[in-house]
There are 2 protein chains.
Amino acid sequence: MKADKISELTTNRLSIYLRCLNELAHEGRKTVSSDRLAKRFHLNSAQIRKDLACFGEFGVRGVGYYIEDLREQIIRILGLDHHHRVGIVGAGRLGAALTDYYGFRQTNFEVAALFDADPEKIGSVVSDVKVFDVKDFSKVRKNEGIDVAVIAVPAEYAQKVLEMIVDAGVKAVMNFAPTPLLADDDVKLKTIDLTISLESLSYFLARPGKNGRE
Amino acid sequence: MKADKISELTTNRLSIYLRCLNELAHEGRKTVSSDRLAKRFHLNSAQIRKDLACFGEFGVRGVGYYIEDLREQIIRILGLDHHHRVGIVGAGRLGAALTDYYGFRQTNFEVAALFDADPEKIGSVVSDVKVFDVKDFSKVRKNEGIDVAVIAVPAEYAQKVLEMIVDAGVKAVMNFAPTPLLADDDVKLKTIDLTISLESLSYFLARPGKNGRE
DNA sequence: CGGAACTTGTTACCTTTTTCACATAATCGG
DNA sequence: CCGATTATGTGAAAAAGGTAACAAGTTCCG
Ligand SMILES: NC(=O)c1ccc[n+]([C@@H]2O[C@H](COP(=O)([O-])OP(=O)(O)OC[C@H]3O[C@@H](n4cnc5c(N)ncnc54)[C@H](O)[C@@H]3O)[C@@H](O)[C@H]2O)c1
Ligand SMILES: NC(=O)c1ccc[n+]([C@@H]2O[C@H](COP(=O)([O-])OP(=O)(O)OC[C@H]3O[C@@H](n4cnc5c(N)ncnc54)[C@H](O)[C@@H]3O)[C@@H](O)[C@H]2O)c1
């Protein structure tokens with residue numbers, strides 16, 4: 001059916017399907033039906049089929065999906081076959097943890113540079129990655145071919161840092177500062193706001209019983 | 001109107017409203033209308049009113065909301081007036097970053113203990129917090145009054161760790177391992193899955209133009 | 001005191017997302 | 001080769017979520 005407007009909920013689920021398929025492939029299975037996939041991983045089979053249908057017809061009626069083939073298709077759809085270079089702004093505790101995060105490499109992302117404003121940190125090396133002066137962001141970005149930025153600075157500086165990043169031409173940004181940021185529509189900005197998650201947990205603790213599955 | 005089934009989307013937004021109100025209170029304002037709040041922070045005024053209406057009538061027609069009063073109401077609704085003690089399982093890089101995360105204290109959460117399986121880490125101290133043997137989780141939990149757990153171990157151990165945590169009686173868990181976990185309905189489990197966010201960014205980078213605001 | 005100016009709480013409407021149901025197509029055993 | 005079986009892709013129904021519109025209540029000011 002090849003839909004042209006793809007919801008982020010759909011791409012999030014593709015990411016999940018990919019993980020499930022990796023597990024099945026690892027077990028040596030060759031094919032899987034949407035129903036088996038759903039039962040095994042607690043998903044909905046209709047939703048799996050519908051999500052996939054947005055991008056083409058990958059299954060075979062009466063058989064299901066060829067696991068290896070579908071894995072490759074999803075990897076291609078999610079762009080995981082392209083390499084990306086990441087610049088992390090804020091070489092603090094979170095920046096350091098992220099620099100060494102295996103999930104980046106797994107997803108074909110590579111941390112190319114860290115940036116900080118603190119003179120004591122500039123010039124140091126964290127997990128083999130050099131810390132640059134944030135003032136040189138634009139220059140370093142060009143030299144290093146950085147196409148993804150991560151914001152890991154205190155919330156009050158986050159908006160300014162974002163504007164600098166966008167001015168330097170980066171179009172994809174992941175923000176960990178607990179504050180909503182504003183960017184142009186042609187910039188993909190993803191905020192991971194731990195405060196919201198924490199306060200949501202707190203709500204549940206105050207009102208047990210009224211759960212609501214994620 | 002006092003709805004009884006509250007969506008997580010609503011509690012997430014309450015958290016955002018609280019931040020906005022904090023900012024306004026800081027500026028010395030006394031009242032605010034849903035319309036002003038919406039314009040200033042890029043929200044929708046009808047949604048603000050509807051979210052609040054789930055919990056009672058907090059506004060005054062013709063006036064708006066008394067900022068200090070509404071702040072206290074939201075703090076109460078989200079349970080942020082209760083203190084919580086957090087146990088972090090996995091004293092690695094992420095665990096260390098989280099131990100020192102200011103956002104916990106701000107939200108009335110306190111990191112009481114770290115847990116690890118690595119003998120070299122057990123007994124050490126990270127940001128004034130002691131690292132215990134994960135085998136002693138249940139005992140330490142009782143001594144320290146831990147009521148919230150954080151999972152920061154590699155994905156392959158996450159489900160086992162969750163089961164141990166739940167067996168020890170903890171009812172609220174935040175999981176950072178990039179894998180969906182299964183728990184009983186009476187346990188609130190919140191997974192922050194960075195891999196999904198990353199792969200969603202990757203999708204955008206592969207298909208610029210088809211953005212989709214968060 | 002009375003009408004203009006506001007602003008809430010709520011209902012009705014619209015959009016998005018999920019689930020259901022089934023026609024359609026491939027496989028397999030005999 | 002055919003009927004039984006399996007499982008996809010999709011349109012229709014249901015559920016959830018978001019937006020708009022407005023009646024009802026409050027304040028302000030002459
Ligand atoms: N620590 C965590 O576990 C954690 C978790 C989730 C979110 N966060 C958020 O991530 C951000 C960073 O947290 P952290 O704990 O690493 O803090 P941190 O204080 O350890 O590190 C912040 C770093 O940013 C640098 N910095 C400040 N202003 C800067 C600027 N304008 N340009 C470049 N660098 C600048 C500082 O010099 C410092 O090195 C905060 O917004 C925090 O709320 C932290
Ligand atoms: N590093 C990051 O920035 C980051 C970001 C998001 C998510 N994560 C996820 O968080 C988890 C931890 O990441 P990390 O980078 O801190 O890894 P890490 O290797 O630095 O730390 C993992 C720690 O868990 C301990 N551990 C292993 N098995 C255990 C068990 N059964 N019980 C108790 N402790 C155990 C290890 O000894 C180690 O100290 C991983 O699942 C990772 O995918 C990490």
Using side chain to side chain contact (heavy atoms under 4.5 Å, CB included) as the criterion, point out the one residue from A:Asn175, A:Val89, A:Val173 that pairs with A:Leu162.
A:Val173
Boundaries of the chain B footprint along DNA chain D (any atom under 4.0 Å from a heavy atom)
D:dG17 to D:dT27
d(CD1, A:Ile6; P, C:dT17) in whole Å:
11 Å
In this structure, how many angstroms lie between the C1' atom of C:dT8 and the CD1 atom of B:Ile48, rounded?
12 Å
Quick test of your reading of the model: are B:Lys171 and B:Asp147 salt-bridged, counting only N-O distances below 4.0 Å?
no
Where do A:Ile88 and A:Ala152 come nearest, in terms of heavy atoms and distance?
CG2-CB, 4.4 Å
Got more than 12 heavy atoms from elsewhere within 6.0 Å of CZ, A:Phe41?
yes
Assess, by modelled atom type and distance only, whether the side chains of [X] and [Y] contain a donor and an acceptor separated by less than 3.5 Å.
| X | Y | value |
| --- | --- | --- |
| B:His84 | B:Glu110 | no |
| B:Gln106 | A:Thr195 | no |
| A:Thr179 | A:Gln159 | no |

Reading 5' to 3' through nucleotides 20-30 of chain C, protein heavy-atom contacts under 4.0 Å coded B for base, S for sugar-phosphate only, - for none:
BB--BBSS---
Give [X] one of three labels, base, sugar-phosphate or nothing, depending on what nucleic acid heavy atoms sit under 4.0 Å from its own.
| X | answer |
| --- | --- |
| B:Ser34 | sugar-phosphate |
| A:Leu52 | nothing |
| A:Ser45 | nothing |
| A:Arg36 | nothing |

